[in-house]
Each structure stands twice: as C-alpha cells, then as structure tokens.
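See below for the structure under consideration.
The sequence lines fix the lettering, A, B, ..., with proteins before strands; numbering per chain opens at 1. This one's a predicted model, so the numbers in the text were calculated from it and none came from an experiment. Because only heavy atoms are used, hydrogens play no part in the values below, and waters and symmetry mates are left out as well, while side chains stay in.
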Amino acid sequence: MSNIRIHLPDKSIKEFEFEPTVLQVAESIGSRLAKDTLGAQINGQLEVVDLRTVLPNDTQLKIITKGSDESLEVVRHSAAHVMAQAVQDIWPEVKVTIGPVIENGFFYDFDSPFAFTPEDLKKLEKKVNHLLKKNEVVTKEIWSTEKAIETFQKMGETFKVEIIKDLGEEEVSIYKQGDWFDLCRGPHVQKIGQIKAVKILHTAGAYWRGDENNPQLQRIYATAFNSKEDLAEHLKLLEEAKKRDHRKLSKDLGLVYNHPFAPGAPFFTERGSIIYNELQNYMREGYQKYGYHEVISPQIFDNQLYEKSGHDANYKENIFSTNVSEREFSIKPMNCPGHCLLYGATKKSYRDLPWRIADFGRLHRNEKTGALHGLTRVTTFCQDDAHIFCRVDQLFDEIKSFMIFLDEVYNKLGMSNYKIFLSTRPEKRVGSDEVWDQAESVLAKALKNLNLDYTVNEGDGAFYGPKLDIMFVDALKRPWQLGTLQCDFNMPNNFDLKYVGEDNSTHQPVMIHRAILGSLERFIGVYLEHTAGRLPTWLSPQQVVIMNITSSHDEYCRNLEQELKAAGIRVAYDDRNEKLGYKIREAQLKQIPYMITIGDQEVENSTVSVRLLTGVNKNGYNKTDFITNLKNEVNNKNLRTFLEN
RNA sequence: GCCCAUGUGGCUCAGUGGUAGAGCACACCCUUGGUAAGGGUGAGGUCGAGAGUUCGAUUCUCUCCAUGGGCACCA
C-alpha cells in the first residue's frame with residue numbers, strides 16, 4: 001500500500017504505511033495526546049467521530065481531546081452506555097433501547113416492567129459512579145448482522161433486534177466495556193474513567209420511536225461533564241432557570257392567577273393586566289406606523305366557516321364547539337377565516353392592496369391536557385395577529401416591512417438576540433410550484449436585502465405556504481419561537497378571494513399571517529423569564545413606591561404621589577407604620593423600579609431619594625427633575641432607568 | 001391523550017390510622033424607626049373532589065380533577 005497522508009490543522013502531514021485510526025495518528029504525535037484523545041472531526045465537518053475510526057488517504061484531521069466542548073458529545077455518549085450498563089446491573093430484567101446525546105446531556109430509554117422511583121435514581125447514580133471508578137476499557141467490534149440479531153435475540157433485547165433489522169446493514173458495530181456491550185455507532189471514550197462527572201436528573205415516559213401508538217418506555221435523563229466543576233456550574237444554571245420560571249414569577253409578582261375551573265386559562269390580575277395592556281398599546285402604535293388597520297371580529301361562528309376554511313377537516317379536535325338549536329357553532333381558534341370573510345365583504349381593487357388588518361381577538365383552542373404549560377401553552381389567548389392581503393409582487397416589500405417592524409419591537413424590548421428560520425415547501429402542499437418558487441425566493445430575497453442571517457428548514461413549511469419563524473434567544477440562551485410570518489395560497493382560494501387588477505380582470509391575492517410577539521400570554525411568560533421579572537419601567541405594574549420615614553413626612557409624600565399620578569406614573573404611597581428596611585424589602589420583592597424615600601432632608605430641600613432595584617441609591621435628587629425624567633423614560637419606553645447610564 | 005410524581009390555611013412547607021402544625025402574608029396593639037424582615041396578640045384549614053376498606057381516614061385503596069417532569073400533540 002502506498003503512503004497514507006493525514007493532514008493536521010497546523011498544516012503538517014503525518015504519513016503512514018497503512019490507514020491509521022484517529023488514535024494511531026495521535027500516538028504518532030505523542031503519548032500524552034494519545035492519552036487525552038476522545039474523538040475527531042474529519043474533513044472540516046462538525047460531527048465528532050470515534051477515535052477508532054480508520055482514516056483513508058488525504059484526510060483532514062482535527063483531534064478532539066479531553067476537556068474540550070466537542071469532547072462532551074463523546075463523553076455523554078459513553079455516559080449513556082454506562083448508565084444503561086448500571087441499570088442492567090441493578091435490574092437485569094430491564095431491556096435497553098436507545099440513548100442519544102441531547103443538548104446539555106443525554107437520555108436512555110428503557111423497556112422496564114416497573115417505573116423508576118427517585119430512590120432508584122439515587123441507587124443508579126451510585127452504581128454509575130462505581131462503574132466510572134472501575135475504569136473499564138471501551139472496545140469496538142464489528143459483528144455481522146446475523147450474529148448481532150442472534151445475540152440480542154437470545155438476550156431478549158427485542159428492541160435492539162428491531163433496530164438492527166431496520167438498519168439493513170451487513171455489519172454493525174458493537175461497543176464493549178467489561179462484559180457489557182451495546183449496539184452503537186459511537187463515538188466513545190477510550191476508558192470509562194474519562195467520564196469525569198455524571199448526574200442522573202429525572203425520569204419520564206416516552207414512546208418507542210416517538211410514536212404514541214407504540215409502547216411507552218421509561219426514559220431517564222442525565223448529563224455528563226468534563227469536570228465536577230463544569231457539572232456544578234450546569235446545575236447552578238438549572239437552578240437559575242428554575243428561579244426565573246415564569247409560573248413562579250407570575251405568581252410571586254401577583255400577575256396571574258389560575259383556577260382548576262379554568263385549566264389552561266389564566267386570569268390576569270390588576271397587575272398582570274397592566275403589562276398585557278401596555279404591550280397591546282405598544283403594538284397599536286406600531287400598527288399606526290406600519291399601515292395596519294385594527295378590526296374586531298366575532299368570537300363565535302357557525303361551524304360552516306371552518307368547513308370552508310379547512311379547519312373542520314384538519315383541526316376539529318382543537319376547536320371548542322357547541323350546538324344551539326341544532327346549529328353547530330364554533331369558538332374561533334384563529335382569526336384568519338373571519339378576516340377572509342371581511343375581505344370578501346367589499347369588492348377589492350389592486351389599489352386597496354396591500355390590505356393589512358390586525359386583530360387582538362381572543363382565541364380558544366382545546367389543547368390536549370398534557371400540553372398545557374403556564375402561560376406558554378394555554379387554551380385561551382390573544383395574538384398580536386394581523387393578516388396582509390397583497391399581490392405576489394408586493395410580498396417583498398411586505399416581508400421587509402414586517403422584519404423591520406419586528407426588529408424595532410424586539411430591540412425596544414431588549415431582545416435583540418434572535419434567529420430567523422425559513423421553512424420551505426413540504427411534500428404535502430397546495431399551490432403551484434411557480435407560486436412556491438416565487439414565495440420562497442422572495443422571502444429569502446427580503447432577508448438578504450436586510451442583511452439578515454437565516455437558516456433554511458427544508459420541507460418544514462406549512463402545507464399552505466412557506467414561512468419565517470423568529471426564534472428569540474433569551475438571557476439564559478434558551479430559544480423561544482415568538483414571531484412568525486406565513487405566506488398562504490390556500491385560504492384565499494378556499495374563500496374565493498379576488499381583486500380587480502390593473503388589467504380589469506380578477507386575480508387572487510396572497511394572504512400573509514404574521515405576528516411579532518406571538519401571543520400576549522406566551523410573550524409575557526417568555527419575557528418574564530428573560531428579564532427575571534425585572535421589567536422596564538414602562539411595563540412595570542407599579543413604577544414608583546414612595547416610602548415615608550415617619551408620619552411627619554406624610555403631607556410631602558401625598559403631594560408627591562399626586563404629582564406623579566398627574567404625570568401618568570403608576571405610583572403608590574406606602575404610609576404604613578413600618579420600618580424603612582421592611583418597606584424596601586417588600587418593594588424589592590415586587591420589583592418596583594423606583595423606590596423613593598422621604599425624610600427630613602428631602603422635605604426640607606424639595607428632593608427625593610431614590611433607590612433602584614440594583615441597590616444603587618441617588619440621594620437628594622431634585623423633585624421636579626425626577627418627575628420630568630421619569631415621565632420621559634416612560635413615554636420613550638426606555639429599557640433602562642434614567643438613573644443608570 | 002400516555003407514563004411517572006405531587007395536591008395540607010392567601011403563599012412556602014412540616015406532620016399523623018384517633019378530625020392538624022410552623023414561617024411569611026393578614027387583623028389589632030406597642031414601636032416614629034434612613035435603605036432587604038422591630039415586638040406582642042389574634043383570626044384563618046371539613047388536609048383537591050367523590051367512593052371504598054376500617055370501630056374510626058387528612059393518613060390505606062380506587063376513580064375523578066388540577067398541577068409538575070417528560071412523551072405525543074401544536075392543521
């Protein structure tokens with residue numbers, strides 16, 4: 001065999017008489033590197049391959065060593081095996097299925113005759129740690145498919161057998177650690193001891209192959225890291241996320257109330273409603289600016305509407321409906337069909353387009369009970385919904401205008417970190433290929449024109465048209481889908497919508513469904529998590545609290561309260577006979593952005609002393625200036641208080 | 001809808017086969033105190049709902065409801 005050349009990242013080349021494995025290349029460089037090698041990336045690809053992979057001539061090789069972020073995938077993959085081994089060591093009757101690496105960890109699905117209890121998990125974690133200490137060497141073997149099927153069949157591992165059969169390969173790879181082995185593609189560590197920290201997290205039910213018609217398995221979630229410190233940091237992050245849970249925050253801040261009589265349908269309290277209405281008003285300002293007209297449409301329709309729109313055929317189980325005098329009525333799950341009726345109410349000319357109508361109508365969707373979640377998945381909600389009816393050649397400007405509108409809103413709210421996804425035609429679809437071509441390319445063109453990066457999700461579009469999904473990435477780097485823009489060729493057709501063109505003949509408009517915040521409910525939930533409840537002043541239910549030091553400052557405080565109220569500020573005067581520290585603690589917990597203390601000094605000099613939520617104090621601030629600056633801050637909807645930067 | 005867990009005063013949680021307790025919040029009293037909890041007294045719960053086992057159930061069993069972790073769903 002001629003010389004095999006392996007290219008390394010520093011442009012150097014290693015030559016071999018044979019096709020080497022990743023590990024052999026590492027050994028040729030140094031024993032220390034070989035010891036630390038956990039995998040590799042080859043030919044510039046992001047996928048991490050096994051260190052036992054045999055490399056053909058002219059491979060570009062980047063070795064992944066312990067401690068790197070890339071190595072986590074290998075470590076977690078192996079940790080999943082260790083966990084499976086531990087489970088079968090403790091409970092031999094449990095059968096294994098699959099155990100992939102996921103973001104921040106891994107899981108393994110087991111076919112178990114019993115459900116794992118929290119005590120079981122503790123036992124399991126102990127066993128896993130014991131196996132890590134044992135530090136078995138991991139070896140890879142190639143088996144023929146027949147041998148693999150026979151072996152796993154004998155062991156009663158029927159799910160493995162099914163996987164192997166479905167693979168349809170002649171050979172499969174098996175990874176062994178001690179006497180335990182599993183069918184696996186890899187990659188895996190050299191020795192189990194290279195997994196430094198494992199934490200078993202929780203259990204869940206999960207369907208075999210994600211299909212609810214299949215048997216349900218027991219899933220165990222866990223995670224692994226390169227060091228105990230990294231693990232501790234991750235667990236801390238989980239704690240932080242828990243503290244920011246909008247269900248906890250919205251309860252603690254008194255924004256939302258839930259009652260079992262209304263599952264999935266939150267009450268917004270007098271405090272919560274302020275946030276809700278402020279957001280709505282803000283969107284209305286945008287509608288004014290971007291040429292939308294707000295409409296109000298019916299809540300309940302004769303079900304014939306949804307037969308016409310197609311929702312009756314495709315969405316019926318989610319629609320609340322009722323029979324009155326033998327007539328079937330449905331509570332609207334979305335605004336679009338109603339808007340189509342409104343479009344058809346008058347004859348439209350091309351001069352009327354684009355016709356943009358916005359609707360804050362309340363929607364109801366009968367979600368499956370297990371899907372409900374806080375404010376982010378509810379049965380009744382309100383979208384910042386609008387529909388744009390336009391000509392195909394107007395799509396470009398409309399999409400552009402939407403993205404500019406959205407960017408403005410997100411920046412205003414301190415949410416500038418977002419990603420855009422363009423979903424293209426799925427297999428099952430309506431509309432001609434020409435129209436799809438045009439719509440998809442115009443979406444891409446508009447994004448490019450605005451210099452916006454986006455990711456294409458091939459085949460992920462709705463059956464009625466391509467769409468943009470906006471993923472907001474919050475302060476804890478978690479993605480949330482909020483905004484969306486969807487082109488729709490279907491509904492205008494179902495409702496036979498027309499306009500008269502310049503050529504005096506009739507044409508069909510395209511319909512755009514779009515939302516920026518998504519639903520107010522979901523948005524508020526996400527925004528609470530993003531801000532940890534510390535809202536900008538203009539969105540705060542209470543903007544100012546005035547605290548007197550003794551009752552002798554009462555008059556000054558009452559006057560100040562009136563002046564702030566007159567300036568349109570949401571203020572309350574805490575005149576209770578309590579110590580200042582006590583009042584501050586309460587205001588701090590309620591996240592009131594401005595805490596004003598009034599004592600002798602302030603009364604004497606006509607000033608206010610301000611404490612911010614950061615704990616920063618500005619004493620002796622001119623009272624009139626304070627009111628003016630605060631008013632400006634609120635009117636401009638500033639993100640930060642005027643006293644910080 | 002499915003698997004598992006949970007459900008005790010407004011909130012956070014303890015506890016028991018013989019009908020319940022703490023802290024915070026609330027009410028009243030004392031305290032007039034400068035930046036995250038001053039002190040005292042008191043009121044408040046048929047222990048998620050229904051059925052069963054039992055002499056007796058908040059505690060055990062079953063069903064239902066709700067919530068939580070996931071799965072599936074999110075035309």
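When only modelled atom types and interatomic distance are considered, K251(A) and N258(A) share no side-chain donor-acceptor pair under 3.5 Å. In this structure, a donor-acceptor pair under 3.5 Å is present between the side chains of D600(A) and H553(A).
Here Y108(A) and F110(A) bring their ring centres to under 6.0 angstrom of each other. Separation of the F301(A) and H311(A) ring centroids does not fall under the 6.0 Å cut-off. Checked against the 6.0 Å centroid criterion, the rings of Y276(A) and F360(A) do not qualify as a close aromatic pair.
When rounded to the nearest whole Å, the span between CZ of F107(A) and P of C4(B) equals 19 Å. In this structure, E578(A) places its CD atom 10 Å from P of G39(B), rounding to the nearest Å. Atom-to-atom, NZ of K590(A) to P of A36(B) comes out at 17 Å; the value is rounded to the nearest Å. Between the OH atom of Y556(A) and the C1' atom of U32(B) there is a distance of 19 Å, given to the nearest Å. Atom P of nucleotide C74(B) and atom CD of Q486(A) are separated by 14 Å, given to the nearest angstrom. Going from atom CG of D109(A) over to atom P of C3(B) covers 16 Å, rounded to whole Å. Spacing between atom CG of D554(A) and atom C1' of U32(B) amounts to 12 Å, rounded to whole angstrom units. One interatomic measurement links the two molecules: NZ of K579(A) to P of G33(B), which rounds to 9 Å at whole-angstrom precision.
Of the C1' atoms belonging to C3(B) and C60(B), the separation is 24 Å, rounded to the nearest Å. G56(B) and U19(B) are spaced 15 Å apart, taking the P atom of each and rounding to whole Å. Nucleotides U16(B) and G48(B), compared at atom P, are 15 Å apart to the nearest Å. Spacing of C1' atoms, G44(B) relative to G69(B), comes out at 33 Å, to the nearest Å. One C1' atom belongs to C4(B), the other to A36(B), and the distance between them is 39 Å to the nearest Å. Separation of the P atoms belonging to U58(B) and A51(B) is 12 Å when rounded to the nearest angstrom. Separation of the C1' atoms belonging to C2(B) and C73(B) is 11 Å when rounded to the nearest angstrom. U61(B) and U46(B) have their P atoms separated by 24 Å, given to the nearest Å.
Note on Y594(A): every side-chain N or O is 4.0 Å or more away from OP1 and OP2 of U35(B). Close to A36(B), at under 4.0 Å from its OP1 or OP2, lies a side-chain N or O of R611(A).
Between R576(A) and E586(A) a salt bridge is recorded (basic side-chain N to carboxylate O distance below 4.0 Å). Note on K95(A) versus E162(A): no salt bridge recorded, every NZ/NE/NH1/NH2 to OD/OE distance being 4.0 Å or above. For the pair D245(A) and R247(A), the salt-bridge criterion is met [side-chain N within less than 4.0 Å of a carboxylate O]. Between E644(A) and K618(A) there is no salt bridge, since none of the side-chain N atoms of the basic residue sits less than 4.0 Å from a carboxylate O of the acidic one. Classification of R244(A) and E240(A) as a salt-bridged pair holds, one side-chain N sitting under 4.0 Å from a carboxylate O.
Base engagement by Q601(A) is indicated by at least one non-hydrogen atom pair under 4.0 Å involving a base atom. Contacts of E602(A) with the nucleic acid, taken as non-hydrogen atoms under 4.0 Å apart, include base atoms. Residue S552(A) is out of contact with every strand shown, counting any heavy-atom pair closer than 4.0 Å.
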Which atom pairs link the protein and nucleotides 63-73 of chain B when you take only N or O atoms and keep those under 3.5 Å?
unit_1: G68(B); atom_1: OP1; unit_2: R247(A); atom_2: NH1; d: 3.1
unit_1: G68(B); atom_1: O3'; unit_2: R247(A); atom_2: NH1; d: 3.3
unit_1: G69(B); atom_1: OP1; unit_2: R247(A); atom_2: NH1; d: 3.4
unit_1: G69(B); atom_1: OP1; unit_2: R247(A); atom_2: NH2; d: 2.8
unit_1: G69(B); atom_1: OP2; unit_2: R247(A); atom_2: NH1; d: 3.2
unit_1: G69(B); atom_1: O2'; unit_2: H202(A); atom_2: NE2; d: 3.3
unit_1: G70(B); atom_1: O3'; unit_2: Y221(A); atom_2: OH; d: 3.1
unit_1: G70(B); atom_1: O2'; unit_2: Y221(A); atom_2: OH; d: 3.3
unit_1: G70(B); atom_1: N2; unit_2: G205(A); atom_2: O; d: 3.3
unit_1: G70(B); atom_1: N2; unit_2: Q216(A); atom_2: NE2; d: 3.2
unit_1: G70(B); atom_1: N3; unit_2: G205(A); atom_2: O; d: 3.4
unit_1: C71(B); atom_1: O4'; unit_2: G205(A); atom_2: O; d: 3.1
unit_1: C71(B); atom_1: O2'; unit_2: Y207(A); atom_2: N; d: 3.0
unit_1: C71(B); atom_1: N4; unit_2: G370(A); atom_2: O; d: 3.4
unit_1: A72(B); atom_1: O2'; unit_2: E212(A); atom_2: OE2; d: 3.1
unit_1: C73(B); atom_1: O2; unit_2: R377(A); atom_2: NH2; d: 2.8
unit_1: C73(B); atom_1: N3; unit_2: R377(A); atom_2: NH1; d: 3.1

Give each protein N/O atom lying under 3.5 Å from an N/O atom of nucleotides 8-14 of chain B, with the pair distance.
unit_1: U12(B); atom_1: OP1; unit_2: K251(A); atom_2: NZ; d: 3.1

Base-pair map of RNA chain B as dot-bracket, where | denotes pairing with a different strand and pairs are Watson-Crick or G-U under 3.5 Å: (((((((..((((....[..)))).(((((.......))))).....(((((..]....))))))))))))....
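When distances are taken from the side chain of F463(A) to each of U35(B), A75(B), A37(B), the shortest belongs to A75(B).
With hydrogens and angles ignored, the 3.5 Å screen pairs no side-chain donor or acceptor of S540(A) with any backbone N or O of Q543(A). A donor-acceptor contact shorter than 3.5 Å links the side chain of E633(A) to the backbone of F642(A). No donor-acceptor pair under 3.5 Å is formed between the side chain of E561(A) and the backbone N or O of A572(A).
Comparing L613(A) and T550(A) against RNA chain B, the residue whose closest nucleotide sits nearer the 5' end is T550(A).
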